[in-house]
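Please read the structure below before turning to the comments.
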Amino acid sequence: MLRLRIVEEGWLVATGRMELTGRSEPVSGRLPTIAAAGSGRPNTLPATTSSIARDVRRSFGALRIAASSCCTVGESIANNASASDIASSSRKTLPSEDSWFSGVFDMGEVSKGSQRLRRQRLKLKISPNLGSVSKIPNLLGRVTHEVAGGGEERPGQAEMAEIVAQIVGKAGEAVAIQAGTGTGKSIAYLTPVVDALAHRRIERAVIATATIALQDQLLSSDLPTTIKALEVDVSAAVLKGRSNYLCLQRLDELNESNLAEQQQLLAGSDAQSHLPALNEWAKVTTQGDREELVPAPPATIWRAISVGPDECPGAARCPRGDDCFAETARNAAADADIVITNHHFYGIHMASEGTLLPPHDVVIFDEAHNLPEVISATTGAEISGGRFRNIARRVRSLFTDGDIADLLIRSADDLPDELRDHTGNRITVSAQLMAVLLAGRARCENAGKGLRKVSETAKSGGTPLDTKTATRIERAMRLLTSLIEDIDLVMASEPDTTVLWVDGTYANPVLRATPIDVSPICAAQLWPGQSVILTSATVPSSLGASLGRPELEHRSVTSPFDYAELGYLYCPVHLPLPNSPDFAKASREEIVRLVTAAGGRSLCLFTSYRAMEGAAEHFETELDEEITVLVQGTESKSELIRRFVETDRVALLATMSFWQGVDLPGDDLTLVTIDRIPFPRPDDPVLSARRDRLGNRAFGAIDLPRAATLLAQAAGRLVRRSTDRGVVAVLDKRLATSKSYRWDLINALPPFERTKDPEVVYEFLQSLDG
């Protein structure tokens with residue numbers, strides 16, 4: 001019995017089994033109405049008719065099905081009946097749309113090419129319930145047709161869109177979707193979300209990304225395309241943390257300060273060389289977003305004209321509150337149907353118990369593989385000498401008692417002195433560190449008392465402070481309160497739940513308190529009350545457990561790329577192991593051979609700065625002078641990528657920040673080299689604490705999934721379009737020789753053809769260089 005559902009736009013959905021030439025074949029998918037409802041003429045099922053055509057074609061080729069008649073129980077339907085005719089007739093016959101009725105189609109002759117198969121009579125059931133079948137494929141088709149060069153069928157994209165549609169609007173429901181490169185995952189999740197918003201099945205959605213590039217792509221391209229194609233009225237806004245926006249009040253204060261005050265506020269930076277351009281920009285910008293400034297001003301300058309969430313007194317208590325860029329962005333987000341933000345801001349939103357973002361029914365985390373680390377970073381605390389020094393500058397500019405500011409400066413010096421010998425390591429709160437923290441806390445409290453005294457003295461004297469001074473005091477008080485709270489959190493931290501460690505550099509160490517487990521905050525702030533979709537090209541199996549939802553459903557949709565036809569995964573087993581003293585030299589020589597064969601057009605990725613810098617020195621003497629070498633750190637990331645694209649024969653050497661979020665499609669890139677498997681440092685402070693918890697299970701639960709994810713992200717830089725071709729070369733022979741974990745890594749990578757033969761790879765790269 002084959003079961004058919006009538007659906008919109010002339011299709012029938014079929015499930016069940018079809019008997020042909022004595023064999024019973026599974027059928028699941030869509031049939032053109034003409035093939036089942038009957039037109040009296042043959043019809044060919046093309047290979048693109050979703051899964052039913054693929055299932056049937058696998059056994060019989062393209063089937064020609066002639067439907068000569070159609071009967072229902074109790075009523076006949078003409079040979080030319082359409083889907084809507086059948087639906088209308090069945091509604092007259094049946095008491096409920098949920099009911100089914102049986103009938104028989106005489107399929108006539110079924111042919112496979114020139115071979116005639118026996119005459120068939122197709123038994124079926126038909127349901128008139130039009131709403132029982134998803135409309136997502138039709139909506140997705142409209143959107144992809146609108147995309148430049150669209151109309152391309154991507155089965156993985158369609159599958160992902162259906163998965164998202166089933167989750168959206170169901171509070172408490174969640175899914176993680178691994179969508180390979182080329183799936184078109186942003187269109188896949190935007191289509192059902194935009195449709196749900198347009199029909200008010202949900203009120204608001206939040207999309208959080210890991211990179212600014214994806215935010216820009218969503219706002220400027222993917223969202224407008226989806227909205228236009230679906231012909232709906234859905235609005236969107238981008239929301240970032242306050243420190244990303246120009247603070248007009250602070251800019252006014254800087255302009256009104258004399259040179260000495262500016263030097264004090266800016267720690268010696270020359271404000272006059274930047275202020276004119278910043279003032280001109282402030283007059284014309286509508287968003288006040290730091291990203292608009294190219295090149296960006298020095299960090300000290302930007303800090304002087306922006307505020308963080310712990311400092312801003314709020315629009316109602318600020319002289320420039322009415323035209324505040326951060327408040328404008330928050331208001332736009334409150335009015336928008338879709339809010340685009342980043343993982344970091346969403347983590348802060350969770351830490352603030354949901355106060356930063358407007359209420360939403362759905363949150364989608366794109367590029368979600370690093371989400372647990374981001375939430376850990378944003379839900380902890382950090383204390384540095386710089387925080388004390390910043391407050392000291394603010395205090396010194398507000399009252400004449402220099403002793404208070406001097407004592408804060410002393411803490412700004414004492415804390416780094418206590419921390420710097422432990423940079424990069426876990427620590428405990430020793431007696432000496434406790435004394436430094438307690439002294440710093442007392443000095444913060446004393447500074448707060450001094451600020452309150454300034455306000456009270458002015459008030460009792462009958463001349464209340466002017467609005468601008470009151471605002472500056474309020475900001476300083478908020479900074480003091482935030483620092484005191486973080487000191488309290490560090491001193492009260494328990495080693496079973498929190499890692500204390502020293503980040504930063506030897507010159508500027510930072511004391512961090514990071515939660516070992518983010519499950520509690522996720523349980524309270526992430527999963528309840530909304531539907532959650534997490535997606536990435538690589539989704540580690542441990543993602544759900546890391547976020548406090550071990551039962552999180554994981555789905556995987558395939559990339560449309562035929563990787564085996566597009567390139568090679570090369571592992572040169574003739575190289576020494578990475579822990580060998582000969583590995584550095586041998587790997588550099590191998591990279592030179594590969595880059596030379598490729599004629600440049602190479603992204604050479606390294607797991608450390610030391611390895612990258614060593615390779616750069618080697619390239620200077622060993623690489624063809626016609627190939628330009630770009631090295632991370634010599635210019636900004638965006639400038640390096642621009643030069644890479646605009647230069648014909650070029651190799652770009654980079655570390656971890658280029659392993660993901662870099663899009664170099666086309667002939668610009670035909671080779672990606674990876675110096676070694678990116679296992680995390682064994683002494684990583686936070687991971688070592690988590691390893692301690694897991695014992696013998698730590699490698700399989702922490703190190704291996706992280707390495708597989710990073711390796712897959714790096715390999716994903718090569719093929720961005722179906723026409724891209726090239727080689728991913730992993731110079732760590734353990735990928736080919738380790739019996740215990742090699743397949744965990746290989747299975748996470750795109751399924752390129754694998755080879756250990758260098759000559760095959762050199763010849764292939766030379767052929768691409770043409």
Given M491, E418, H422, the one that forms side-chain contact (heavy atoms from CB on, under 4.5 Å) with L433 | E418

How about Y346 and H349: are their ring centres within less than 6.0 Å of each other?
-> yes

Under 3.5 Å, side chain of Q632 to main-chain N/O of T655, donor-acceptor pair present?
-> yes

Check whether any side-chain heavy atom of T498 lies under 4.5 Å from a side-chain heavy atom of I516, and answer yes or no.
-> no

Presence of salt bridge, R320 and D252, under 4.0 angstrom = yes

CG of L483 to CD of E445, rounded to nearest 0.5 Å, is 11.0 Å

Do the non-hydrogen side-chain atoms of Q530 and V206 ever get within less than 4.5 Å of each other?
-> no

Donor-acceptor pair, side chain of R478 and main chain of P309, under 3.5 angstrom | yes

Short N-O contact, E646 and R643, less than 4.0 angstrom | no

Can D488 and R441 be counted as an ion pair, charged N to O under 4.0 angstrom?
-> yes

Where Q713 and S536 come nearest, the two heavy atoms and their spacing = NE2-OG, 3.6 Å

A412 versus G385, closest heavy-atom pair with distance | CB-O, 3.3 Å

Determine whether the side chains of D366 and T535 contain a donor N or O and an acceptor N or O closer than 3.5 Å.
-> no

Please tell me if the side chains of S411 and V436 come closer than 4.5 Å, counting only heavy atoms from C-beta onward.
-> no

Side chains of R472 and S397: do they bring a donor and an acceptor to under 3.5 Å?
-> yes

Any Lys/Arg nitrogen of D517 or R690 sitting under 4.0 Å from an Asp/Glu carboxylate oxygen of the other?
-> no

If you look at every heavy atom in L415 and F388, which pair is closest and at what distance?
-> CD2-CE1, 4.3 Å

Would you name the heavy atoms of S376 and P515 that are closest together and state the gap between them?
-> O-CD, 3.5 Å

Are the side chain of T471 and the backbone of R317 linked by a donor-acceptor contact shorter than 3.5 Å?
-> yes

D337 and S235 side chains, donor-acceptor separation under 3.5 Å | yes

Check the side chains of H369 and Q660 for a donor-acceptor pair under 3.5 angstrom, ignoring hydrogens and angles.
-> yes

Any donor-acceptor N/O pair, R420 side chain to Y506 backbone, under 3.5 Å = yes

Using a 4.5 Å cut-off on heavy atoms from C-beta on, say whether the side chain of F345 contacts that of L357.
-> yes

Can you tell me how far CG of L438 sits from CZ of R443, rounded to the nearest 0.5 angstrom?
-> 11.0 Å

Any S455 side-chain heavy atom under 4.5 Å of L465 side chain | yes

How many angstroms lie between CH2 in W281 and CD in E292, if you round to the nearest 0.5 Å?
-> 5.5 Å

Side-chain (T634) to main-chain (V631) donor-acceptor, under 3.5 angstrom = yes

Determine, step by step, whether T469 and D466 satisfy the side chain to side chain donor-acceptor pair (under 3.5 Å) criterion, reporting the C-alpha distance in whole Å, the side-chain angles of both residues, the deciding distance to 0.1 Å, and the verdict.
-> CA-CA 6 Å; T469 303; D466 62 88; 2.9 Å; yes

Between CZ on residue R242 and CG on residue L356, distance to nearest 0.5 Å = 9.0 Å

Give a yes or no on whether a salt bridge exists between D413 and R389, defined as a side-chain N under 4.0 angstrom from a carboxylate O.
-> yes

T428 side-chain N/O to S430 backbone N/O, donor-acceptor pair under 3.5 Å = no

Polar side-chain atom of N331 near backbone of E327 as donor-acceptor pair, under 3.5 Å = yes

Any side-chain heavy-atom pair from T505 and P509 closer than 4.5 angstrom?
-> no

For the pair E280 and K283, find out whether any cationic side-chain nitrogen is under 4.0 Å from an anionic carboxylate oxygen.
-> yes

Are K637 and F658 in a cation-pi contact, defined as NZ or CZ under 6.0 Å from the six-membered ring centre and within 45° of the axis?
-> yes

For R250 and S306, indicate whether the former's side chain and the latter's backbone hold a donor-acceptor pair under 3.5 Å.
-> yes

Taking R204 for the side chain and P359 for the main chain, is one N or O donor matched with an acceptor at less than 3.5 Å?
-> yes

Approximate separation, where rounding is to 0.5 Å, of E382 CD and W501 CH2 = 9.5 Å

Is a side-chain N or O of S482 found less than 3.5 angstrom from the main chain of L479, in a donor-acceptor match?
-> no

